[in-house]
Structures are given as C-alpha cells and as structure tokens.
Amino acid sequence: MLAKPILLIGAGALGSAMLKGMRAAGHIAPSDLIILDLNPGEEAHAYAGLGARLNPSPEVWRDAFTVIIAVKPQSWRGAAQILDGNLNPNATLISVMAGVRTEDLSSVFAPLKVARVMPTTGVATGKGVASLYASEGVALQAASDLFSPMAATVVLDNEDLIDAATAVSGSGPAYVYAFVAALEQAALETGLTAADAKTLARATLISAANLLDQTGEDPEDLIRKVASPGGTTEAALKVLRREGQGLTELVTAAVMAAQKRSKELG
Ligand SMILES: NC(=O)C1=CN([C@@H]2O[C@H](COP(=O)(O)OP(=O)(O)OC[C@H]3O[C@@H](n4cnc5c(N)ncnc54)[C@H](OP(=O)(O)O)[C@@H]3O)[C@@H](O)[C@H]2O)C=CC1
Ligand SMILES: O=C(O)[C@@H]1CCC=N1
C-alpha cells in the first residue's frame, strides 16, 4: 500500500512528468503531496495551486511516509545532507535515479526501506513504462502502487537489470524521438515542405505505435504487412537492415553505451 503523504524531492523533467501523471490519474490527492525543488516549474506550481505543499519547512518533511527522490544522480548526496534528520524513519524511499544503487541509498537513508524505479517521461500522459526493483515486498508494493496508475510496469528480480531497463526504456523515448527527427530530415531531402515533413514524420510514428498497441502483433508481422515483395519498403529495409551495420547493430551499440553509463553513474 502506498503510505501517504508523499514527499517528492526534485520536480525537474521527470519529476514534472510524474506530477502531471499523478494529477491526471488522481491517485495522489494534492493534500497528500509535499514537493521540494530548488526552482519549481509549472507542474509543481499547478499541484501547489490545488493544495500540495511546495517547499515547506523541514518539520513538514517528516510527515511523509513515502519519499520519492528524483534529482540527478550527481546531486543526490547533496540532497541527502539537506534531508538528514528530517525524514520519517518509517518512510519508504523510492528512487528513480539512474545508476544509484540500493546499497548506497540504504547506507545514507537508513532505516528507510528502499525501492528503485526506472520510469519514462510518458508517465505524464498515464502511458509511461516503469521497471521496479526492491528487495523488500513493502517497498516493491509502494513503488507499484505509485506507478501502476500511470505506467506499464515490469518487476525486475535482480538490481543489475535496472541498468539494462534504463538503457532500453528509461532512455528509450529519446531513441524514438531521434528516429522521428531523422525521418523528418530525410523527408526534407525528398523535396517535401518543412511543414509536411514534420506532419508526416510524427503522424507515421503515432499511427505505427497505435497499431503496435492495438493489434498486439509482433513488429516483424506488422513489417510484413507494409512491405510488398519487390516494393518500396523492401528497398528501404535493405538499407536499414544492412548486414552487420544496420539499425539493429546501431541500436544495440547505443543501448550498450547507455547501460555502461548507467553503471558508471552509480
Ligand atoms: N528525464 C528522464 O527521462 C528520466 C530521468 N530519470 C532520473 O530522474 C532523475 C531526475 O532527472 P531529470 O528530471 O531529467 O533531471 P532534472 O535536472 O530535470 O531534475 C532534477 C530536479 O531536482 C532539483 N534538485 C536538485 N537538487 C535538489 C535538492 N537538494 N532539493 C530539491 N530539488 C533539487 C533540480 O533543481 P535545479 O535544476 O535547480 O538544480 C531539478 O529541478 C535523475 O536521477 C535521472 O537519472 C529516470 C528516468 C527517466
Ligand atoms: O539520461 C539519463 O541519464 C536519464 C536516465 C534515463 C533517462 N534519462
């Protein structure tokens, strides 16, 4: 069960996406939310406008039974110093930070129980992805209760796999956006206007994602339905899937680089 109130530390890119998703899903009432951020943005102010407590004094932080830490991996030890002595010892800590391991979080935040989650910014629209890991059932349940209303969740049974999930899905939306940007750029090369190139690249991604979602079919089956034998798609796929130097090799190298970096961030 998700014990409330909730304290969110860091309302930047991901923290704001979570705030937006939580507000839309309605599972965290504004009165159950305390937000700390050095420069609160639009989403933090929107929740505060509904009654969430924004940057209250340290004695209020102790009210929270669930603490979410969403600062950069490079900033968490500094944040922990500020929080020191001001957190409820019975609270559960949910870290969404890449790389930072449970062992290190536990050594600094003891006796709080710890869960790690690797979400995507898609939580903002209630359609995120979140990989969860915790060694204790109570902490895993808290993470699940927090993210399930706004993300498809995957439970990992080995903490090392959080680095893999970070590389595949945490960073993954950026890979997809990079593909859309590349398709838009290529569309310009074909002679389409800038406006049409933008529309076609975006709409193609969205319509393909909808089919993937609604049919549940395998990508290879969906490809077969697009690629007529001897047709245009086949000509393009010969380039994209060039032996040894195609998209699969490129994406695999990108994911490996992200996984390596995730381990270094710890
Ligand atoms: N962005 C993403 O798609 C994803 C991010 N993550 C993880 O989420 C975490 C946050 O990433 P992201 O949102 O992109 O980073 P941001 O820098 O956008 O957000 C971090 C926020 O925390 C604030 N902050 C820093 N120190 C403190 C403090 N002591 N007290 C309160 N607020 C503080 C920052 O303020 P200021 O900017 O003024 O320093 C900033 O607003 C990272 O650990 C990252 O690994 C995980 C999955 C996806
Ligand atoms: O780029 C990063 O380090 C973070 C973690 C996953 C997505 N953004």
Side-chain angles (χ1 to χ4, degrees), residues 6-22 33-48 52-58 60-61 64 67-87 93-102 104-105 108-109 114-133 143 146-147 150-154 156 159 161-178 251 254-266:
I6 289 170
L7 172 65
L8 172 69
I9 304 149
L14 182 65
S16 292
M18 289 176 60
L19 287 173
K20 197 167 186 171
M22 289 176 345
L33 185 63
I34 304 160
I35 304 167
L36 300 185
D37 192 84
L38 302 175
N39 296 293
E42 197 183 322
E43 283 307 323
H45 282 294
Y47 238 123
R53 287 164 281 179
L54 179 56
N55 289 333
S57 54
V60 176
W61 307 350
V67 178
I68 307 165
I69 183 156
V71 301
K72 292 278 191 216
Q74 295 84 349
S75 318
W76 79 272
R77 287 186 188 274
Q81 277 178 1
I82 298 165
L83 297 165
D84 190 30
N86 292 310
L87 295 182
L93 179 74
I94 300 177
S95 166
V96 296
M97 298 183 292
V100 184
R101 295 189 64 86
T102 301
D104 293 324
L105 292 165
V108 169
F109 287 102
V114 175
R116 288 187 62 195
V117 179
M118 182 43 56
T120 61
T121 44
V123 293
T125 62
K127 287 193 176 282
V129 183
S131 301
L132 321 177
Y133 171 80
L146 178 65
F147 281 94
M150 51 186 181
T153 58
V154 170
L156 303 174
E159 185 169 5
L161 293 176
I162 285 274
D163 295 317
T166 303
V168 173
S169 76
S171 300
Y175 315 158
V176 177
Y177 302 137
V251 171
V255 166
M256 294 302 163
Q259 186 180 23
K260 178 172 176 283
R261 184 62 189 142
S262 178
K263 289 180 197 296
E264 289 166 359
L265 285 172

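Because the structure is predicted, anything quoted here is derived from the model rather than measured. The figures here come from the full heavy-atom set of this structure, side chains too, leaving out hydrogens, waters and symmetry mates. Numbering of ligands and ligand atoms starts at 1, following listing order.
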In the protein, which heavy atom is nearest to [atom], and how far is it?
atom	answer
atom 3 (O) of ligand 2	L265 CD1, 4.4 Å
atom 30 (N) of ligand 1	I9 CG2, 3.9 Å
atom 14 (O) of ligand 1	K72 NZ, 3.4 Å
atom 2 (C) of ligand 2	S171 OG, 4.8 Å
atom 5 (C) of ligand 2	A98 CB, 3.9 Å
atom 18 (O) of ligand 1	A13 N, 2.9 Å
atom 19 (O) of ligand 1	G12 CA, 3.2 Å
atom 22 (O) of ligand 1	G10 CA, 3.3 Å

Could you list which atoms of ligand 1 come closer than 4.0 Å to a heavy atom of [X]?
X	answer
A98	43 (O), 45 (O)
V96	6 (N), 7 (C), 8 (O), 46 (C)
A70	9 (C), 10 (C), 20 (C)
M118	46 (C), 47 (C)
L36	31 (C), 32 (N)
I82	29 (N)
A79	29 (N)

Ignoring hydrogens and geometry, is there a side-chain-to-backbone donor-acceptor pair from [X] to [Y] under 3.5 Å?
X	Y	answer
W61	P56	yes
T125	G122	yes
S262	A258	no
N55	D37	yes

With rounding to the nearest 0.5 angstrom, report the CG to CD1 distance, L7 to I94.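 If I round to the nearest 0.5 Å, the distance is 11.5 Å.
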Per [atom], closest listed option by heavy atom ([options]):
atom	options	value
atom 3 (O) of ligand 1	V123, V71, T121, L265	T121
atom 23 (C) of ligand 1	T120, V117, D37, L38	D37
atom 48 (C) of ligand 1	G99, P173, P119	P119
atom 1 (N) of ligand 1	I68, L14, N39	L14

Are any of the protein's heavy atoms under 4.0 angstrom from atom 37 (O) of ligand 1, yes or no? no
Does P73 approach ligand 1 within less than 4.0 angstrom via side chain, backbone, both or neither, non-hydrogen atoms only?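 Near ligand 1, P73 shows its backbone as well as its side chain.
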Nitrogen or oxygen atoms of S75 and ligand 1 under 3.5 Å apart: no
More than 12 heavy atoms of other groups within 6.0 Å of E264 CD: yes
Measure the shortest side-chain to side-chain distance between [X] and [Y] over non-hydrogen atoms and say whether it is less than 4.5 angstrom.
X	Y	value
I34	L8	no
L33	L19	yes
V96	F147	yes
M18	T121	no
I9	I68	no

Nearest heavy-atom pair of E159 and T102: which atoms, and what distance?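 Where E159 meets T102 most closely, the heavy atoms are OE2-N, 2.8 Å.
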Name all pairs fulfilling the salt bridge (Lys or Arg N to Asp or Glu O under 4.0 Å) condition that reach into residues 73-86, sequence neighbours left out, sorted by first residue then second. none
Examine the side chains of Q259 and T166 and answer whether a donor and an acceptor come within less than 3.5 Å of each other. no
Counting from 1 in the order shown, the ligand 2 atoms closer than 4.0 Å to a non-hydrogen atom of G170 are 6 (C), 7 (C)
Under 4.0 Å, counting heavy atoms only: does G78 come that close to any atom of ligand 1?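 False for this residue.
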